Trainee: 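A single structure is presented below for examination.
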Amino acid sequence: MKYSGRQGFNRVVIIGEDELKEGRFTLRNMETGEQADLSREELFAHLTEEYREDTGGNGKESVSPAGKESNVTGGQAEVVLPEQAGPAVKTHYCGVLDQNFVGRKVKLSGWVGKRRDHGGLIFIDLRDRSGLMQLVFDQRMGSEMFRQAESLRSEFVISVEGEVVRRSEETINPSLTTGEIELKVENMEILNPSKTPPFYIEDGVNVDDNLRLRYRYLDLRRPEMLKRMQLRHRAVKLIRDFLDHYEFLEIETPMLTRSTPEGARDFLVPSRQHSGSFYALPQSPQLFKQLLMVSGIERYFQVVRCFRDEDLRADRQPEFTQVDIETSFISTEQLFAITEGLMAALWREFHGIELKRPFLRMPYYQAMDRFGSDKPDLRYGMELVELNDLARKSEFKVFLSTLESGGSVKGLRVSGGVDHLSRKDLDDLTLLARQLGAGGLAWAYVEEEGWRSPISKFFTSSLVEEINLKMEASAGDVLLFMADKWETACEVLGHLRTRLAPEKVSEEPHFMWVIDFPLFHYNEEEQRYDSDHHPFTAPKDEDAHLLDSDPLSVRAQAYDLVLNGVEIGGGSTRIHNREEQSRIFSLLGLSEEESKEKFGFLLDALTYGAPPHGGIALGLDRLVALLSGDDSIREVIPFPKTAAASCLMTGAPAGVSEEQLEELGIEIKKSSEKE
RNA sequence: GGAGCUGUGGUGUAGUUGGUUAACAUAUCGGCCUGUCAAGCCGAAGAUCGCGGGUUCGAGUCCCGUCAGCUCCGCCA
C-alpha cells in the first residue's frame, strides 16, 4: 500500500496481516532500494518528519502568520486547476512570483491596492490572497488601455496580462517579496469597479471595531487577516491528519438536539412540527460522543461548532469551535500523550519549536494554592505564599480572627513594586480585591529598616524579618497580604498576580495539565451540588467512597490543558456504569424520574455494554489565537459576534415576521415594563 | 445584571479653565507630472462633534439619560 498521493514521495510502506499483527513495518525507498524496519511509532514519526520536509515546512520556515509571506498552495506561483478547464482567468498568484518568471507571460487577477500615477506612467499594486505585484502601465503601450488604467481606483477588481520583467537595479524594492520584478501590462480588463472602501485595506490599521465587523468582508481582505484564515486552515488540516494517523474517525453529530439541564444556557430552536417544543443547539457533542463509544467507534473526533448562550469575553463567543475527541480502551496517560503529540506537532509546524514532553501535571488544589488559579500562567513566578503560622504571631486582628475561623493568610510579593506601585495604586488594588469578593487587602513597602505599612505596628521587627525571609522579600519589594477563606484568598490574590505580572515574560510556551479537579462544587443559589466539569465525569476510584459522606472532597478524573494562563481544553474519564451514573444524578438533585426523562437514552445505553471511555475537547479558536499571537479569538474567527452577541454585518439577531411566529406557535411578550 | 474605557469630515486623530470661521494627516474629486513604491506639486469639496434632554448669555467641552463598541466582574468549560 502506497501512502503517496503528493509529489515528492518516493517511499513505500509494506503492510500485510503479519505487519499489522506484530506492529512492525518495512519502509522502502523506491529510488535507492534502502529498507528500514520500524515500529508503528517510529514509522509514524518518520512519516510526519518527511511530510514536513516534503511540504517545505522545515520548522524554521513555517512560522507564525505574521512572519510568513505567503503559503498559497504550498508556495508555487501557478494557479492550480484541473486540466482542460477552459481559458484561464488567472494563471499565477501575484505574491509568489519571482526572478524565475522573468520573461514569462502571465495573467494575474486581483484587487487594486495602492496607485501611483505619474501622468504618462502608472504603477499599481495588484493584490491577491498571496501578496502584491507591481503593475506598470506605460502610455506608449496603447492609449485605450492607458485611459482605462487612469480610471483604476482602490479595490477595483482587474485582470491583467503581460510579461514579468526584472526591475532596473535602482528601482528594486527590497521590502517586497516581489520587489525585484514587475509586470509590464499589455492587456487589462476591469472585472468590477469598487466604491471607495470605508477603511484602508492594509495591515496594521487602527480602525474602529464597529467598522471592521460591519465590513468584515473588507477586513478579511487585509493580508494579515488572510494569513490568520490560512493559519487556521493549516492548523485544522494538521489536526485532522494527525488524528487520522492515530486511527480516529471524524463523525458528525446533530446540531438540532435536545436541551439538557446542566451547564450553560442553551440556544433554542422552535419546532414547527411540534408546536411548543424546542430543539437546542449543542453546547458540545458530549452525549453523542459518549454514545459513539457505546457504538464501538473506539476513537472519535470532530471539528465541531458549539453554542452557549452566555455573556461574552475576549476569548468567548456564543458559537465557537471545538476539536472534540473521545476514546475507548485508552488510559488517561495515553490520551495525554496523544494530545501532547498534537500540540507538539502544531508548535513544530507553526513556531518551529520542539515542545518538552510530557507536560507538567499539577493537581487543582496545588494550582489554586500556589497560583490562585485553575489555569495558572507559569511563564513567571510570583507564587502565593502561605503565611498562617507567621500571621498567628502578629497582633493584627484581621489575620487572627480569620485564622481562628479556619481561614488562611496568604501573601504575594511584587518584586521591585516600590517603583511602580503608588499608594493610589495600592488603594485601587484594595478596591479591586473587594470587588472580587475579598474583605480587604493589606500591603507593605519593604525597606531596609523594616516595613512601611499601615499594619506594621502589629508586627514585631523579628516577625517582619521572618515574613520577609519566607516571602524572599528584600528592600524595594511590595508585599500584599490577604486573610480570608482559603478559596477566596487564593482566587483574589491569583487575580492580582495576573494583574501585576511582569511586562516581559518568557517567550516559551508553558503547557501544563491541571488534574484532580473536584467532582462537585456547591451552588449557593440553588442550594445543591453542581458538577464541576459535567455530570458524566467519573470520580477518582480512591475517592469514590466519600461520595455520600463528603461529596465536596471527592476528586474527579477530570483535567484541563492549560497554556500560558489560557485554558485550551478539558476532558475527563466518563462514567460507563449505569448505577454509578444514576448515583451521580441523584447527588446532583435529579430524581430518578427526571434523570430518566432527560438522560434515559444515556442510562439505557450504559446497560448495553458501554466500554470504559473518556475524552477531551480543545478550544480551536483559542488554540489558533495562541498560535497567531492574538489576544482575542475574534481575530481568528472569520465572522465573529460582538460582546453583545450581535453580528454587525448581517444585523443578527433580528425580528421575524408575524407569519413565521404564527407557524411556530410563538407569541412575543411585549416588554412593556419600561413603558 | 454590575463596573470601567471609548465615540469629533470617508478613515485616523487634535480641540486649552465652557467663548467667535471645529484643526491636522490621509482618503475622495479636479489639474500637472515617465520610475514610483507612505510618489510629488497645485486646487476643491467634505463634520448639525453617537443620539436625547438639562445647566448656561453661550456646550465638542459640564450634568443626566440613552445607544453602540471594547475590557473586566457575575455568568460560562
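Since the structure is predicted, the reported quantities are computational estimates derived from the model, not experimental observations. In what follows, chains carry the letters A, B, and so on, assigned in the order in which the sequence lines appear, proteins first and then strands, with residues in each chain numbered from 1.
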Trainee: For A:N206 and B:U26, give me the distance from atom CG to atom P, rounded to whole Å.
Mentor: 17 Å
Trainee: Which residues pass the side-chain hydrogen bond (donor to acceptor under 3.5 Å, both in side chains) test with A:E182, sequence neighbours left out?
Mentor: A:Q134
Trainee: In whole Å, what separates the C1' atom of B:G4 from that of B:A44?
Mentor: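 44 Å, rounded to whole Å.
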Trainee: Quickly work out the A:R212 CZ to B:G12 C1' distance and round it to whole Å.
Mentor: 14 Å
Trainee: If a protein heavy atom is under 4.0 Å from the base, mark B; if only from the sugar-phosphate, S; if neither, -; do that for nucleotides 27-44 of chain B going 5' to 3'.
Mentor: SSSS--BBBBB-B-----
Trainee: Scan A:S646 against the nucleic acid and name what it touches under 4.0 Å (heavy atoms): base, sugar-phosphate only, or nothing.
Mentor: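 Sugar-phosphate, no base atom in range.
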Trainee: Starting at CD1 of A:I201 and ending at C1' of B:U11, how long is that distance when rounded to a whole Å?
Mentor: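 Rounded to whole Å, this separation is 11 Å.
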Trainee: Sticking with atom C1', work out how far B:A22 lies from B:U16, rounded to a whole angstrom.
Mentor: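 B:A22 and B:U16 have their C1' atoms separated by 14 Å.
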Trainee: Does the side chain of A:Q290 come under 3.5 Å of the side chain of A:Q286 through a donor N or O and an acceptor N or O?
Mentor: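 Yes, a side-chain donor-acceptor pair sits under 3.5 Å.
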Trainee: In Å, rounded to the nearest 0.5 Å, how long is the span from CD1 of A:I616 to CD1 of A:I338?
Mentor: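 Spacing of CD1 (A:I616) from CD1 (A:I338) equals 10.5 Å.
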Trainee: Should the pair A:R222 and A:F199 be classed as cation-pi, given the thresholds of under 6.0 Å to the six-membered ring centre and 45° from the axis?
Mentor: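 No - A:R222 does not lie over the ring of A:F199 by the 6.0 Å and 45° rule.
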Trainee: Does B:U11 pair with anything, Watson-Crick or G-U wobble, both distances under 3.5 Å, and if so, with which nucleotide?
Mentor: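 Base partner found: B:A25.
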Trainee: Could you check whether any side-chain N or O of A:E319 sits under 3.5 Å from a backbone N or O of A:R305, counting only pairs where one atom can act as donor and the other as acceptor?
Mentor: no
Trainee: Have A:S130 and A:D128 got a donor and an acceptor in their side chains that come within less than 3.5 Å?
Mentor: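 A:S130 vs A:D128: donor-acceptor pair found between side chains.
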Trainee: B:G69 and B:A27: how far apart are their C1' atoms, nearest whole angstrom?
Mentor: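 Per the computed distance, 23 Å lies between those C1' atoms.
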Trainee: How far, in whole Å, is B:G30 from B:G46 if one measures between their C1' atoms?
Mentor: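 One C1' to the other, the span is 15 Å.
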Trainee: Examine the side chains of A:S284 and A:Q322 and answer whether a donor and an acceptor come within less than 3.5 Å of each other.
Mentor: no
Trainee: Tell me what A:A617 touches on the nucleic acid: a base, only sugar-phosphate, or nothing, going by heavy atoms under 4.0 Å.
Mentor: nothing
Trainee: Would you please indicate if the ring centroids of A:F517 and A:H533 are separated by under 6.0 Å?
Mentor: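 Between A:H533 and A:F517, which both carry aromatic rings, the centre distance is not below 6.0 Å.
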Trainee: Please measure how far the C1' atom in B:A39 lies from the corresponding atom in B:U8, and state the result in whole Å.
Mentor: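 B:A39 and B:U8 have their C1' atoms separated by 30 Å.
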Trainee: Between A:D425 and A:S422, does any side-chain donor sit less than 3.5 Å from a side-chain acceptor?
Mentor: yes
Trainee: For atom P, what is the distance between B:U61 and B:G54, given to the nearest Å?
Mentor: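 Their P atoms lie roughly 14 Å apart.
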Trainee: Could you measure between the two C1' atoms, the one in B:A68 and the one in B:C57, and give it in whole Å?
Mentor: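 Roughly 34 Å separates the two C1' atoms.
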Trainee: For the OH atom on A:Y279, are there more than 12 heavy atoms of other groups (residues, nucleotides or ligands in this structure) within a distance under 6.0 Å?
Mentor: no
Trainee: Using purine N1 to pyrimidine N3 plus N6-O4 or O6-N4 for Watson-Crick, or N1-O2 and O6-N3 for G-U wobble, each under 3.5 Å, what pairs with B:A47?
Mentor: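 Its partner is none (no Watson-Crick or G-U wobble pair with both distances under 3.5 Å).
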Trainee: In this structure, how many angstroms lie between the P atom of B:A68 and the CE atom of A:M649, rounded?
Mentor: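 Atom CE in A:M649 sits about 19 Å away from atom P in B:A68.
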Trainee: Using atom C1' in both nucleotides, what's the gap between B:G60 and B:G15 to the nearest angstrom?
Mentor: 8 Å
Trainee: Under a 3.5 Å cut-off for both contacts, is B:A59 paired Watson-Crick or G-U wobble with anything, and if yes, with which nucleotide?
Mentor: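 Pairing partner, where one exists within any strand: none, as none qualifies.
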Trainee: Report the base-pairing partner of B:G4 (Watson-Crick or G-U wobble, both distances below 3.5 angstrom), or none.
Mentor: B:C70
Trainee: Which part of the nucleic acid, if any, lies within contact of A:L211, taking any heavy atom under 4.0 Å across all strands shown: a base, the sugar-phosphate backbone alone, or nothing?
Mentor: sugar-phosphate
Trainee: Determine, for nucleotides 71-77 of chain B in 5'-to-3' order, which nucleotides have protein heavy atoms under 4.0 Å from the base (write B), from only the sugar-phosphate (write S), or from neither (write -).
Mentor: SSBBBBB
